[in-house]
Protein chains: 2
Amino acid sequence: MKKDQVTITDLARELNVSPSTVSRALNNSPFISEERKKVILELAKKMNYSPNQLALSLLNKRTKILGVVVPEITSYYFSTAINGIQDKVGSSGYKLMISQSNESFEEEIRLMEAMALVRVDGFLISPSSNTLNYDHFEKIKDSGFPLVIFDRDCVGLEADKVVVDDYSGAFQAVEYLIQTGCQRIAHITGSTNLSTTQHRRKGYLDALQNNNFPILEDLIVIGDDSSSESGVACMQKLLDLRQIPDAVFCYNDAIAIGAMSVIRERGIEIPDQISLVGFDDEPYSSYFKPSLTSVWQPIYDLGLLSAKILLDNLEMEKENPNYRFEVLKPELVIRESSRKII
Amino acid sequence: MKKDQVTITDLARELNVSPSTVSRALNNSPFISEERKKVILELAKKMNYSPNQLALSLLNKRTKILGVVVPEITSYYFSTAINGIQDKVGSSGYKLMISQSNESFEEEIRLMEAMALVRVDGFLISPSSNTLNYDHFEKIKDSGFPLVIFDRDCVGLEADKVVVDDYSGAFQAVEYLIQTGCQRIAHITGSTNLSTTQHRRKGYLDALQNNNFPILEDLIVIGDDSSSESGVACMQKLLDLRQIPDAVFCYNDAIAIGAMSVIRERGIEIPDQISLVGFDDEPYSSYFKPSLTSVWQPIYDLGLLSAKILLDNLEMEKENPNYRFEVLKPELVIRESSRKII
DNA sequence: CTGTTAGCGCTTTCAA
DNA sequence: TTGAAAGCGCTAACAG
């Protein structure tokens, strides 16, 4: 069914010239007479010729395709990062092959292998939460593929990485809660495997210690994942404590939203009785009632920078394993769900 | 920097056999001795050989790559559709090349052309809101690329299409508002170019007429786009009317959320004074206060079905232009932002 | 300036 | 069973 594409040989035959001459005309090489060039280009347009990138790629060993693997494409977070990646590479003529691992380690490997077969020029990967072993990344690197890890860190892996300073974001948030007079600050976490979860938790703990607050294990609830449903479940646990918290720092906005609904159901006032803080600053967070205080992340920039680093690697063809580790700064956005500074 | 890949010729040379023999071993052709086959396969594994898909694609004229273009990847809506597409094609070994047009007609053309050059096997397109001319689609079809249009219809274009019955969704929503006693039902639209906007508006109008309600032009506000900001602006206009509406049917949830915030600011009660209905049923809609009544769309299935149709076309290699037009049914999800049936 | 040749990595006749 | 040769579409080196 697919019509045969017009090839350079078709054009050559038509005009009784050699394929190389046609090629020269098409790439406007200086070694061709203006006349011929004109005729050839006209015919090319007339016959609706378009070069076969496949043949070119085979020749140049470059596909101008970049492989992107994210845990889930549906999340605001990762789709925004992809947005940044796309905006960066689009102008350089790179195309994106995108897939989601669904937080599956095996799927991540499978996807990367498939992309390697297509000979993508490089990889932009945000590892799944179940990726605890980095052999596949090492293998990809050994095969000569440039690789940039973004958003989630892989401790111990040598590679270019771009992440957000989760520690700082969490620290800022909890410091703020303390300054506004909160005394019993709880924390709902996300998937424990993730570097982001660990850093945010550390930020929470350090902010408490820094202010000589006791660490109360009861007030730290481990979520199954980072969904609103998990937020609901975890907040219920917190409200079932004999002494409930007067503030909750959540791993992300989704959790915070779930928590908010539970707090409301129980007739507890936000922020008067409980201050609530999220992380990510999703678009709708300012529209909740009360609007959600959250830690904004430069996620679009994260995509942009990751892509830039990959492109740099592609151009430099550098041999020196001088890996970059870029850390972007998040910012606390204060809204109604937390008390004001007294 | 990129290491040279091990080729079939490398293996052949190593073992002093011909490349064709190696090829036969790798594809376990019957015309090869078991012995040789074993030796070759072992060496292949040892040398970490992997076939070059590029060469294969050039030979077979099939890349096993599908091109996907959506207006914006960041929206919950389209990323969920992509999710469905991915789940459908992944198991068949197809890879996805995904791009967003950012609602730009020119960008859409540019992206499709670039994908055509890479010789994707087919296209899954959700047209931009500025795509009013379908020449590029016709051209792609003429070149022999299978094409499936999804979510947004292109009236007059002959192609496989999968859409949601927006008319029905809107009709259901407005019927419901009427049944719950609303008298002055307003409508905030999205981008006027879109088939979805037109159908939802038509559903709104017909539901009114069906119930002998007058059409009041004042109560129909045209949004610039379908963002929450637009919802804010449009709702303000409605509340500035001498006689405000007692219900608002919004083009989508984002607009409804914006509208909700304005209504709240003015101290008007939802749903007692104004009922509010959205469209899309985004994940957070049930967490708003009040939770948002909305029209749920089978958007994941829409992606799934679109992909299935494309794959069918790819397999059938059919010549008969027997285009499919699939319409999926949405469902009204009633929550707190609308009154109950009396 | 232009044509011939070779080759990117692989498969598929066609002979042997 | 195996190898040689041709070709997918294109470019580049080398003659002319």
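Worth saying up front: this structure is predicted, and the values here are computed from it rather than measured. Proteins come first, then strands; the chains are lettered A, B, ... in the order of their sequence lines, and each starts at number 1.
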ask   = What bend angle does the helix from C:dC1-D:dG16 to C:dA16-D:dT1 show across its length, from five-pair end axes and to the nearest 10 degrees?
value = 60°
inquiry  = Need one value for B:N27: base, sugar-phosphate or nothing, where a base atom within 4.0 Å counts as base even if backbone is also close, heavy atoms only.
reply    = sugar-phosphate
remark   = Between A:V118 and A:T63, the two heavy atoms sitting closest are O-CG2, 3.6 Å
A:L54 CG - D:dT11 P separation (whole Å) = 13 Å
message = If you compare every side-chain N and O of A:R36 against the phosphate oxygens of C:dT2 (OP1, OP2), does one of them come in below 4.0 Å?
response = yes
request  = Have a look at B:L56 and say if it touches a base, only the backbone sugar-phosphate, or nothing, with a 4.0 Å heavy-atom cut-off.
outcome  = sugar-phosphate
query = For D:dT1, does OP1 or OP2 lie under 4.0 Å from any side-chain N or O of B:T21?
reply = no
request  = Answer yes or no: does a side-chain N or O of A:S18 lie under 4.0 Å from OP1 or OP2 of C:dT4?
outcome  = no
Can you give the donor-acceptor pairs under 3.5 Å from side chains of residues 47-55 of chain B to other protein atoms, not counting sequence neighbours?
unit_1 : atom_1 : unit_2 : atom_2 : d
B:N52  : OD1    : B:L54  : N      : 2.7
B:N52  : OD1    : B:A55  : N      : 3.4

task = May I have the distance from A:L117 (atom CG) to C:dG9 (atom P), rounded to whole angstrom?
result = 15 Å
message = Between B:S129 and B:N193, do the side chains contain a donor N or O and an acceptor N or O under 3.5 Å apart?
response = no
query = Is it true that the side chains of A:S128 and A:E103 contain a donor and an acceptor less than 3.5 Å apart?
reply = no
key: Atom-to-atom span, CG of A:N52 to P of C:dC10 - whole angstrom   = 17 Å
message = Nearest whole Å is fine: how far is D:dG9 P from B:L59 CG?
response = 10 Å
request  = Classify the nucleic acid contact of B:R24 as base, sugar-phosphate or nothing, counting any heavy atom under 4.0 Å across all strands shown.
outcome  = base
query = What is the distance, rounded to the nearest whole Å, between atom NZ of A:K38 and atom C1' of C:dC1?
reply = 18 Å
Check: B:T21/B:S18 side-chain N/O donor and acceptor closer than 3.5 Å = yes
task = Under 4.0 Å between any heavy atoms, over every strand shown, what does B:S20 touch: base, sugar-phosphate, or nothing? Just pick one.
result = base
key: First encountered from the 5' end of DNA chain D, between A:V6 and B:F31   = B:F31
query = To the nearest Å, how far apart are B:L26 CG and C:dT12 P?
reply = 13 Å
key: A:S23 side-chain N/O to D:dA12 phosphate OP1/OP2 under 4.0 Å   = no
request  = Any chance you could lay out the salt bridge (Lys or Arg N to Asp or Glu O under 4.0 Å) test for B:D312 and B:K308, step after step, and finish with the verdict?
outcome  = CA-CA 6 Å; B:D312 285 351; B:K308 181 183 177 330; 2.9 Å; yes
query = Does a side-chain N or O from A:K61 land closer than 4.0 Å to OP1 or OP2 of C:dG9, or not?
reply = yes
key: Minimum heavy-atom distance B:M115-B:M97, with the two atoms named   = CE-O, 3.3 Å
task = In whole angstrom, give the distance that lies between atom CE of A:M47 and atom C1' of D:dG9.
result = 14 Å
key: Over 12 foreign heavy atoms within 6.0 Å of NZ, B:K37   = yes
remark   = Here the distance between atom P of D:dG3 and atom CZ of B:R13, to the nearest Å, is 15 Å
request  = May I ask you to say what A:I8 touches in the nucleic acid, namely base, sugar-phosphate or nothing, with a heavy-atom cut-off under 4.0 Å?
outcome  = sugar-phosphate
